[in-house]
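What follows is a single structure, written as structure tokens, with notes after it.
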Amino acid sequence: MADYQLFIDGAFTDAASGETFATYNPGTGQKLADLPKAGRDDAIRAIEAARKAFDEGPWPKMSGAERAAKLRRIVELINQHSAELAELEALDSGGTILKAQMADVPGAVSAFEWFARMAEERPDRVDLEGSPFPVSQNYIRYEPIGVCTGIIPWNFPLIMAAWKIAPALAAGNTSVLKPASLTSLSALKLAQIIAEADLPPGVVNILAGPGGTVGEELASNPLVDKTAFTGSTEVGRRIMQLASGTVKAVTLELGGKSANIVLDDADLDLAAAGVLWGTFFHGGQVCESGTRALVQRGIYDEFVSLLVEKANNIVVGDQMEMTTNIGPLVSRGQVETVERYVKLGRDEVGEPLCGGSAPEDLPDHLDKGAFYRPTIFADVDNKAKIAQEEIFGPVLCVIPFDTDDEAVAIANDSIYGLAGGVQSGNIERAEAVAARMRTGTVWINDYHLISPERPFGGYKQSGIGRELGTQGYDIYRQVKHVHINPETSGRDNHFHYGVLGV
Ligand code: NAD
């Protein structure tokens, strides 16, 4: 495996302390690489480099079209390295190689492409019509915010890195990124790719290291203007506190416990596939997973049987095999979290209808792997802990309801509000339900489809602000109102100065 280093101020370097940490394949338990473990010193150096690049360098002054050209160069290079990136992502995160090839690498590419378009197409000056004062000309300038830090989780490392770096750069900011310690490989590989694109030094800095030191520095350092965080709600609260010291702009993409509502007019086979796809894709380690299936009582028994029958056909195994549907979870620690919740579920609800353990028939080379079977609890009370708390693993709670009103009430009875689904044969009825769900995304007869071209983010404790879409570009820009009084001498249009008698 190639060597990886921190990327600070346009150069590759080891951690100042010389410390390293190991990263593993969660399927086999084999070590993949030793990585430099950045500390606060490295984080401060990266932030200072980004500050200098913003205050003195050419990047924020370049035109949108010039920056777009650089982002497109990054796209070309990602495409050249796509096979290696996909392999690293699958090996390190446990996501399947199919997902890495079909979603992770193309997802990173499309984020850079979209924000390149935004840099070209979104105006950085808008003249305002009319005047609210006797005489004035007014316009808005959209300006970069400054130094933007990004802190990301382990479930979609490459895509998350792209979602933080691409919009920041497109809008003229400089960036410092910290990937999650369990999955830093693809971000460090991305650093090598970005280095090839020859951006001015300090515009992008990427460092692997612990949240408690590097992450805290990125969220609190006074030289930072904005922090964008994706991760758990618990750490999101801490990020807000840290950022409040210098009142930084904050974007938070946090946890979820999304409801996928199955109405009694749905095509049951399609809806069952939709619910399983919505829950078990990537082993349920997706923030917007539909981990609560709300099923209308008239179809409930038949639907639950279908779910269990289909769930038992999902192949759990080596993430590097193209025939595998779900690879290992990200770590043994994550399996332990799932086991704790399944035990709680057994106490609260009873025996799951399927799953509830690791697969028994895995080949020898996977016997240390972090595997868990798709697990379904039926007849769950929405007040149960397994229906309220984010598990972040392959566990589905099925909850019955009678009326559409009740489905909406149960769906909204959560501290989270990231996403949700409605499965129905009647689009009008589904839209009426969707309109009342307090979440940032609702998929009707679908799930998990996210594009950089559409905004993504949460209501309630699922987050603040939106990433992606035009909103996800504008959130990386400051708004400056410029007012011009065209009267350069005389007082006809300055009569308000008379209020002071001057
Ligand atoms: P996490 O909150 O434990 O860690 C996320 C990142 O924060 C990591 O890089 C970690 O090192 C860092 N961190 C930890 N403590 C920190 C601190 N005190 N200060 C600064 N940084 C700190 O989350 P995770 O376990 O890596 O990922 C799973 C979570 O991420 C789930 O809750 C999931 O819902 C959420 N998530 C949300 C979205 C979204 O878009 N809403 C997307 C993916 C994942």
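Every number for a ligand or one of its atoms is a count from 1 in the order of the listing.
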Query raised in the report: Ignoring hydrogens and geometry, is there a side-chain-to-backbone donor-acceptor pair from Gln334 to Phe392 under 3.5 Å?
Result: yes
Query - Salt bridge Asp41-Arg45, side-chain N to carboxylate O under 4.0 Å - result: no
Requested in this report: Would you check ligand 1 and list the protein residues that come within less than 4.0 Å of it by any heavy atom, ordered by chain and number?
Outcome: Ile151, Ile152, Pro153, Trp154, Asn155, Lys178, Pro179, Ala180, Gly211, Gly215, Glu216, Phe229, Thr230, Gly231, Ser232, Val235, Arg238, Ile239, Glu253, Leu254, Gly255, Cys287, Glu390, Phe392, Leu418, Phe456
Query raised in the report: When you check the gap from the basic side-chain N to the acidic O, do Asp413 and Lys383 get nearer than 4.0 Å?
Result: yes
**Report entry** Residues that Phe7 engages under ring-ring contact (aromatic ring centres under 6.0 Å, His included), provided they are two or more places apart
**Finding:** Phe12
**Report entry** Arg40 with Glu217: basic N within carboxylate O range, under 4.0 Å
**Finding:** yes
Requested in this report: Please work out which of the three classes, parallel, tilted or perpendicular, describes the rings of Trp163 and Phe456, given edges at 30° and 60°.
Outcome: perpendicular
